[in-house]
Novice: 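Questions regarding the structure given below will be posed in turn.
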There are 2 protein chains.
Amino acid sequence: MNDLISQLGNATFENYVGLDSGFTEMAYQMSAHVLTLGYAVMLAGLFYFILTIKTVAPKYRTSSVLSVVVMVSAFLLLLVQQQNWTGAMVYDAESARYILGDGNDLFNNGYRYLNWLIDVPMLLFQILFVVSLTKSDFGSIRNQFWFSGTAMILTGYIGQYYEVTSPMWFAIWGFISTLFFVHILILMKRVIDEGKEGAPAKAQGYLSKIWYLFLFSWMLYPGAYLMPYLFGGLEPALSEAAVVGRHITYTVADVSSKVIYGILLTLTAQEMSKAEGYDYEKMEKAL
Amino acid sequence: MNDLISQLGNATFENYVGLDSGFTEMAYQMSAHVLTLGYAVMLAGLFYFILTIKTVAPKYRTSSVLSVVVMVSAFLLLLVQQQNWTGAMVYDAESARYILGDGNDLFNNGYRYLNWLIDVPMLLFQILFVVSLTKSDFGSIRNQFWFSGTAMILTGYIGQYYEVTSPMWFAIWGFISTLFFVHILILMKRVIDEGKEGAPAKAQGYLSKIWYLFLFSWMLYPGAYLMPYLFGGLEPALSEAAVVGRHITYTVADVSSKVIYGILLTLTAQEMSKAEGYDYEKMEKAL
């Protein structure tokens, strides 16, 4: 493995596997397919959020606009991430495996991280435009979301460069990133609990679902960060299962935390709009 | 054939034909053209569903929105699928045939499968926003559609990796996938039968058409899955007729089950809207 490290600088473990043993066709293609699914869902979601914006009262529409912003940036960055994968590996007929192509770009998950730098603050702000805070101050929560959101991403982004070359730095940066994540979880729980007070019953149901979806989907990201170690213990596992597992985990997390979350917020806002007398279905009929 | 398997890992039979005997220009190009037709129809359908959304009452518009979601994702994934085909094969001047290019990405139908992971639940949900269920519970049917839809796709996706290397696993995964398909057929029949009750006569007519279209178009997919064996019996047929036949079958199935199905649902919703006093044609005239 040390030979490979010297050949590859500080590259991620996807490249080590590619150079060391290569990927089976199934592992390479599953990754390519899953990464393609990711950006296709984002473009489909873009149209959903544009087409449903008028189903909620105007005061809630900022949430749909922020979903649109998230869809556009995620679409582009996940597209580049997919091309990074297919551009890095080539089919080697001799071994019947996909290997890191000579002179090709190395594969790196960094595109995702910089996408999150846009998406994470947007996703966190979004819910603030749907719920009504009863105790907390809007501006204070927004600033804390912004601060901890970007700090979480930037520290994780630095950490991921060390995932093979320095397990120690990988763990330290990952730990700092997790502290910000815990802060975000505490804030989000508070926002959702306050938002439920005084919301119509159906909206309360959606807000409960949003909390569980948030917990589940955002927990997948640290899982994906740690993936090489989840499979390998204290030494990073040079296994294609970990590589494919990471692509799938990131994609499930992206679809849940961006698209399904946004749809649930739209449904919540629809219920709140109705309760306030803005009934989209009835309104259009009268025209 | 075993020599080819060792050179190709677990590749699909399109690659075996490409490497074994290559494709005539006609077979290669027919495939390229049909695959291109597929994604072009999806982009055209996208505009249709956006432009006709206001011809139905607001409560039915979710069906059009879901058609838009299907069109966008299918457009992108079929585009990539087409590029996968043209990127895998190269023209060999010596034999005057198209062969699998050295070092090129292998061809795999997996992009289609992961597209269906988005489209199948959307297509099944869609009809629930048009018909009114008289006996069944909306949430229960929706969840069953979602569960069996994704299970059907995922098991088929795994199965297709074995279509040449292991006829046994190919058959086992295909069989499991078919069980979920049968469940979907039973549910869909129930939804359409309940939807017809109380619907205006013209809408009932469209719903009958939707059932036959659904049966026909969704049955094409298992046919395409089995294509190498339909041509070859118990041994997969390494024939270009099976390859071209599969591209054509998938394309006919995609256009019928996504675009024509969506148009019929729009027509159904238009009739229902009229019966409820939302008459788009008259409305616009009055302006």
Side-chain angles (χ1 to χ4, degrees), chain A residues 22-52 54-55 71 75 79 82-83 86-87 89-99 101-102 248 251 255 259 263 266-267 270 279-287, chain B residues 5-12 15 19 46 49-50 53-54 57-62 64-66 68-77 79-81 84 87-88 100-106 108-115 117-119 122 157-158 161-162 273 276-278 283 286-287:
Chain A
F23 295 92
T24 59
E25 199 204 333
M26 193 168 165
Y28 166 81
Q29 289 190 338
M30 259 193 194
S31 303
H33 301 154
V34 165
L35 291 167
T36 304
L37 176 70
Y39 70 74
V41 173
M42 298 304 147
L43 195 65
L46 173 66
F47 282 85
Y48 172 86
F49 292 112
I50 291 176
L51 291 171
T52 56
K54 290 210 169 161
T55 64
M71 292 302 109
F75 166 70
L79 172 64
Q82 194 270 351
Q83 292 180 327
T86 52
M89 308 293 162
V90 291
Y91 186 68
D92 173 51
E94 207 176 308
S95 63
R97 292 174 90 82
Y98 278 85
I99 58 167
D102 201 25
I248 294 174
T251 304
V255 173
V259 186
I263 292 172
T266 301
L267 295 176
Q270 282 173 356
D279 192 325
Y280 174 71
E281 296 184 8
K282 283 190 190 148
M283 223 174 59
E284 293 267 318
K285 243 187 204 165
L287 289 180
Chain B
I5 290 181
S6 63
Q7 269 183 69
L8 277 171
N10 59 355
T12 54
N15 301 308
L19 201 69
L46 172 67
F49 291 112
I50 290 176
I53 199 164
K54 290 211 166 159
K59 61 185 273 206
Y60 300 118
R61 290 185 192 161
T62 308
S64 302
V65 173
L66 294 180
V68 166
V69 166
V70 167
M71 292 302 110
V72 172
S73 62
F75 166 71
L76 276 180
L77 282 139
L79 173 65
V80 175
Q81 192 72 68
N84 185 204
L100 188 62
D102 201 25
N104 283 6
D105 241 23
L106 300 174
N108 183 278
N109 276 301
Y111 293 105
R112 293 187 180 283
Y113 281 82
L114 291 209
N115 170 31
L117 214 50
I118 312 173
D119 291 352
M122 296 303 119
Y157 177 64
I158 299 168
Y161 277 104
Y162 297 103
S273 303
E276 288 161 21
Y278 178 96
M283 225 173 60
L287 288 180

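Proteins get letters first, then strands, A, B, ... in listed order; numbering begins at 1 in each.
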Novice: Measure distances from A:Thr55 to the heavy atoms of chain B and classify the residue's part below 4.5 Å as side chain, backbone, both or neither.
Specialist: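 Neither part; nothing is under 4.5 Å.
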
Novice: With a 4.5 angstrom heavy-atom cut-off, is it the side chain or the backbone of A:Phe49 that approaches chain B, or both, or neither?
Specialist: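 For A:Phe49, there is no contact with chain B at all, as no heavy atom is under 4.5 Å.
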
Novice: With rounding to the nearest 0.5 angstrom, report the OH to CD distance, B:Tyr111 to A:Gln29.
Specialist: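 That separation rounds to 7.0 Å.
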
Novice: Exactly one of B:Asn115, B:Leu114, B:Leu76 should register a side chain to side chain contact (heavy atoms under 4.5 Å, CB included) with A:Leu37. Which one does?
Specialist: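 Result: among B:Asn115, B:Leu114, B:Leu76, B:Leu114 is the only option passing the side chain to side chain contact (heavy atoms under 4.5 Å, CB included) with A:Leu37.
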
Novice: Using a cut-off of under 4.5 Å for heavy-atom pairs, which of B:Ser273, B:Ser73, B:Ser64 has the most such pairs with chain A?
Specialist: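 The candidate making the most pairs under 4.5 Å is B:Ser73.
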
Novice: Within a strict 4.5 Å, meaning less than it, do heavy atoms of the B:Val80 and A:Tyr39 side chains meet?
Specialist: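 In short, these two side chains touch, coming nearer than 4.5 Å.
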
Novice: Quick check on B:Leu117 against chain A: is it the side chain, the backbone, both or neither that has a heavy atom closer than 4.5 Å?
Specialist: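 Side chain only.
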
Novice: Taking A:Val34, A:Thr52, A:Leu43 one by one, which has the highest count of heavy-atom pairs under 4.5 Å against chain B?
Specialist: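 Most heavy-atom pairs within the cutoff with chain B belong to A:Leu43.
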
Novice: Going from CD1 on B:Ile158 to CE on A:Met26, what distance comes out if it is rounded to the nearest 0.5 angstrom?
Specialist: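 If I round to the nearest 0.5 Å, the distance is 6.5 Å.
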
Novice: So which part of B:Asn84 gets closer than 4.5 Å to some heavy atom of chain A, the side chain, the backbone, both or neither?
Specialist: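 B:Asn84 has no heavy atom closer than 4.5 Å to chain A.
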
Novice: Distance from A:Tyr91 atom OH to B:Asp105 atom CG, nearest 0.5 Å?
Specialist: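 These two atoms lie 10.5 Å from each other.
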
Novice: Just so I know, are the side chains of A:Tyr48 and B:Val72 near enough to count as touching, which here means a heavy-atom distance under 4.5 Å?
Specialist: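 Side chain of A:Tyr48 against side chain of B:Val72, heavy atoms only: no contact under 4.5 Å found.
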
Novice: In terms of heavy-atom pairs under 4.5 Å, which option from B:Val70, B:Thr62, B:Val68, B:Asp102 contacts chain A the most?
Specialist: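 Counting heavy-atom pairs under 4.5 Å, the top option is B:Val68.
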
Novice: If I measure from the heavy atoms of chain A, does B:Leu19 come under 4.5 Å with its side chain, its backbone, both, or neither?
Specialist: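 Looking at B:Leu19, nothing touches chain A.
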
Novice: Grab the two heavy atoms, one from B:Leu106 and one from A:Glu25, that are nearest each other, plus how far apart they are.
Specialist: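 Closest heavy-atom pair between B:Leu106 and A:Glu25: CD1-CD, 3.4 Å.
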
Novice: Side chains of A:Phe47 and B:Met71: does their closest heavy-atom pair fall under 4.5 Å?
Specialist: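 SC-SC contact between A:Phe47 and B:Met71 ruled out.
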
Novice: Pick out which of B:Val69, B:Val65, B:Leu66 makes a side chain to side chain contact (heavy atoms under 4.5 Å, CB included) with A:Leu51.
Specialist: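 It is B:Val65; the other options fail the test.
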
Novice: How far apart are the closest heavy atoms of B:Tyr157 and A:His33, and which atoms are they?
Specialist: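 Shortest heavy-atom separation between B:Tyr157 and A:His33 comes out as OH-ND1, 2.8 Å.
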
Novice: Kindly give the heavy-atom pair with the smallest separation between B:Tyr161 and A:Met30, and that separation in Å.
Specialist: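 Reported closest heavy-atom pair: OH-N, 3.4 Å.
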
